[in-house]
**Q** 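Following this message is one structure expressed as structure tokens.
Note on naming: letters A, B, ... go to the chains in the order of the sequence lines (proteins, then strands), and numbering restarts at 1 for each one. These values consider heavy atoms only, across backbone and side chains, with no hydrogens, waters or symmetry-generated copies.
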Amino acid sequence: MTFWNILLILVKGAGYTVLVTLASIGAGLAVGLLLAVLSLVRWKTVRLLLAAYTYVFRSIPVLVLLFIVFFGLPGMGIRIPPFFSMVLCLGLVSGAYLAEIFRGAMAAVSRDEITAAEAMGMKRVQIFLYVIWPQMFRMAVPGMTNEFTSILKYTPFAYTVGIPEIMKEAMSLAALTLRGLEIYLAVGILYYLIYKVFVVSFETLEKRFRIPGLAGE
Amino acid sequence: MALIEVQDLVKRFDGKEVLKGVNVLLSEGQSKVVMGASGCGKSTLLKCLNLLVAPTSGRIIFKGEDITRPGVDIHRLRQDIGFVFQHFALYTHLTVEENITLGLRKIRKMKTAAAREKAAFELERVGMFEHRKKYPAHLSGGQKQRAAIVRALAMDPAVLFLDEPTSALDPQMSREVVTVINKLYLDNITMFCVTHDPFLAKYISDSIVFMHEGVIVAEDIAERLFYEHDDPRIRQFYLSVIDHR
Amino acid sequence: MDAFLQDLIHYSPQILAGLKNTLLLMAVMSIAGLAGGIGVFYLTLGKNRLLRWGTERYISFFIGTPLLVHLFLMYYGLPQLGIRLSAFAVAVIGFTLNVSAYNARYLMTAYNGLDKTQIEAARAQGFRFGQTFRLIILPQTLRLSVPSLTNQVIQNLKDTSVAFLIQYPDFFAQMQEIASTNFQFLKTYVAAGLVYLALVSVIVAAARRLERKTALPGLETLDHA
Ligand SMILES: Nc1ncnc2c1ncn2[C@@H]1O[C@H](COP(=O)(O)OP(=O)(O)OP(=O)(O)O)[C@@H](O)[C@H]1O
Ligand SMILES: [Mg+2]
């Protein structure tokens, strides 16, 4: 079996890896945006809850969280399929980080522009949609790229709950052929390629929507 | 005796000739000012002389030794030349005192106490003693530049280079710094100073070198260069800088 | 008393041993990763183009690929070459390579924000590059990177939980063993999560202190509440 064969077999798992990554990015963005918008609420209880959320999900390792969700929750009669367990965990965790990134980007939108929008008689929702959102989204790009990379790198955990992604394929293959060296090297290369594709497509997107004078730090 | 003698100095930055054969002489105890339009190569000349920038060709004789030859100890050379920058370039993480003692301790190998004593003495001379425990972020521009001058002087260099020491300062602070440099001038410190400021030039120079597009086109004392020289390039330059004040 | 609590008490020697292993691994990789990060950062500033390119690739590879792959590659791959390392050794090497890449990245980011005229000033004063690095560049970039570097320590703690996948008997490995004997998966894993939460809190508190202590005027780090 050549290195090339190994790579071809592993590519089969890459589909799942990308799927888990994209679904988790979607979940993370939803959670992150929700939390970021909620952070605009001046209600104390909400703030406290948000802080607690961030604290918890930034402190518990993803793997531990996955085990709680997948192996623990059935004890309470809640059964979540492997794929959704993984996406849920990554969504919850990356949501906590993304919320911070969005909050930072929102804070960076110039106060004057918001005042100007208020002076024009815009409602809060309109101000968010037309003034804050387009700017914060662009400023958040570098942070988001980092976070999405993290998500990609957590996806191998999916093998522990039986999702047939790259790592799972690699382990079966390694058990069969005892050629861990080539196999895991191929896995590394595969992940690196996926990572590069992600980063490059993000950079392209970022360039396409770039506005002079407005850049992420 | 000539401390620095520059012969046919040429510097090219990827094909672009910035210095086109500069000849200049600086004697011990002499103070020379370099003037000229922005981009004519003044900073490059200064940086070539302590090899912060590698010359393309020509000779630089420092204390009788050609420093453009291979095998010259550039660190030793630089330790002998004080350098003051336009934007102060103080070390952000060190107090004024530490900025000064760092070189004394690590290069001159002085003991901390002796280095402090020397720093205190030099700071006193420029009225900065009371600020010695402050960090650069807490100083005004004029104070920063005075600290930077002391940092350079404390090393007892053979010559002090200054690259536009007042141009980042407002007029009030600029005056503080001119006063300090003028004191050095009166103490016969050897200096080589780039500036756009005719006021500074006049009060700290024995003679002024005028540069234009990489060559030295005139050298004279301030009064004659500013008021009597009839080279149109010099006239134009002079008018442009006094306009700015 | 609650049966679950009794279990925890019963297994406490095992849990504590696991905790010790977790903390040991975290400490070793945090310290080695800081040293490694500084070393890699130093290499990125060098004159040699090839070396710089190699260092960039190294950083990019380790940031772009999962930690688990590095661990598996060494743990299951190297024996093929006759090199058999203990789980602890694999974890330390793999984690350190990984953490060094991240730390180097943080230091590089901080370096990009530095006022470079200071470095020219140091050169003009006659400092050698090594001295400039040690006396000027490092004290400033380290200060500016304190939040990122301490966040990395938190990340390190969390990442130790991966080590059980190569049979390192860390805290989480023990908790799993307990769960598989008492079948109290939810309670056991939540308890594990709470322990990580507590440990992170300790690191966060220490990080805050460190940040306050190392801040200097002009070198404060951005507040990241
Ligand atoms: N490292 C470099 N690489 C390429 N070109 C350079 C470099 N340094 C300087 N130059 C160019 O050399 C020319 C002279 O620069 P220099 O800084 O010596 O001018 P200057 O006379 O000091 O100007 P100013 O009064 O604005 O300080 C400029 O056109 C500049 O763009
Ligand atoms: Mg200049």
**Q** Please determine, by modelled atom types, if Tyr55(A) and Ser201(C) share a side-chain donor-acceptor pair under 3.5 angstrom.
**A**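 Per modelled atom types, Tyr55(A) and Ser201(C) side chains form a pair under 3.5 Å.
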**Q** Given side chain to side chain contact (heavy atoms under 4.5 Å, CB included), test Val69(A) with Tyr189(C) step by step and report yes or no.
**A** CA-CA 9 Å; Val69(A) 168; Tyr189(C) 292 147; over 6 Å; no
**Q** When you compare the side chain of Tyr192(A) with that of Ser60(C), does any pair of heavy atoms fall below 4.5 Å?
**A**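 Side-chain contact under 4.5 Å: yes.
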**Q** Answer yes or no: is there a donor N or O on one side and an acceptor on the other, between the side chain of Lys153(A) and the main chain of Ile63(C), under 3.5 Å?
**A**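 Side chain of Lys153(A) to backbone of Ile63(C), a donor-acceptor pair under 3.5 Å: yes, one is there.
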**Q** So Pro66(C) and Met167(A), do their side chains get closer than 4.5 Å, heavy atoms only?
**A**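 Sidechains of Pro66(C) and Met167(A): no contact.
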**Q** Let me confirm one number: the CG-CG distance from Leu63(A) to Leu165(C), rounded to the nearest 0.5 Å.
**A**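 So the gap between those two atoms works out to 5.5 Å.
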**Q** Which bit of Thr155(A) is near chain C, if near means a heavy-atom gap under 4.5 Å: side chain, backbone, both or neither?
**A**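 For Thr155(A), neither part sits under 4.5 Å from chain C.
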**Q** For Phe171(C), is it the side chain, the backbone, both or neither that has a heavy atom under 4.5 Å from a heavy atom of chain A?
**A**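 Answer is neither: Phe171(C) stays 4.5 Å or more from chain A.
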**Q** So for Phe172(C), is it side chain, backbone, both, or neither that comes closer than 4.5 Å to the heavy atoms of chain A?
**A**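 Just its side chain gets close to chain A.
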**Q** Any idea which of Pro156(A), Pro74(A), Ala170(A), Gly75(A) has the most non-hydrogen atom pairs under 4.5 angstrom with chain C?
**A**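 Maximum pair count with chain C is reached by Pro156(A).
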**Q** Taking C-beta and beyond as the side chain, do Tyr76(C) and Leu181(A) meet within less than 4.5 Å on heavy atoms?
**A**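 No; the side chains remain at least 4.5 Å from each other.
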**Q** Which of residues 40-54 of chain A have a heavy atom under 4.5 Å from any heavy atom of chain C?
**A**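 At a heavy-atom separation under 4.5 Å, chain C is reached by no residue of residues 40-54 of chain A.
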**Q** Under a 4.5 Å heavy-atom cutoff, which of Gln176(C), Met74(C), Lys187(C) has the most pairs with chain A?
**A**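 Looking at each option in turn, the highest pair count goes to Gln176(C).
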**Q** Report which part of Leu65(A) has an atom under 4.5 Å of a heavy atom belonging to chain C: side chain, backbone, both, or neither.
**A**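 Interface part for Leu65(A): neither.
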**Q** Is Phe70(A) in contact with chain C via its backbone, its side chain, both, or neither, using a 4.5 Å heavy-atom distance?
**A**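 Neither the backbone nor the side chain of Phe70(A) comes within 4.5 Å of chain C.
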**Q** Go through the steps for Tyr75(C) and Tyr184(A) under the test ring-ring contact (aromatic ring centres under 6.0 Å, His included), then give the verdict.
**A** CA-CA 10 Å; Tyr75(C) 196 70; Tyr184(A) 290 115; over 10 Å; no
**Q** Are the side chains of Phe67(A) and Met175(C) in contact, using a 4.5 Å heavy-atom criterion?
**A**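 They are not in contact (no side-chain heavy atoms under 4.5 Å apart), so the answer is no.
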**Q** Got Val69(C) and Tyr191(A) here, is their nearest side-chain heavy-atom distance under 4.5 Å?
**A**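 Side chain of Val69(C) against side chain of Tyr191(A), heavy atoms only: contact under 4.5 Å found.
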**Q** May I ask you to name which of Phe185(C), Phe72(C), Phe183(C), Tyr196(C) has the most heavy-atom pairs under 4.5 Å with chain A?
**A**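 Looking at each of Phe185(C), Phe72(C), Phe183(C), Tyr196(C) in turn, Phe72(C) comes out on top.
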**Q** Are there more than 12 heavy atoms of other residues, nucleotides or ligands under 6.0 Å from atom NZ of Lys20(C)?
**A**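 Incorrect, the count does not exceed 12.
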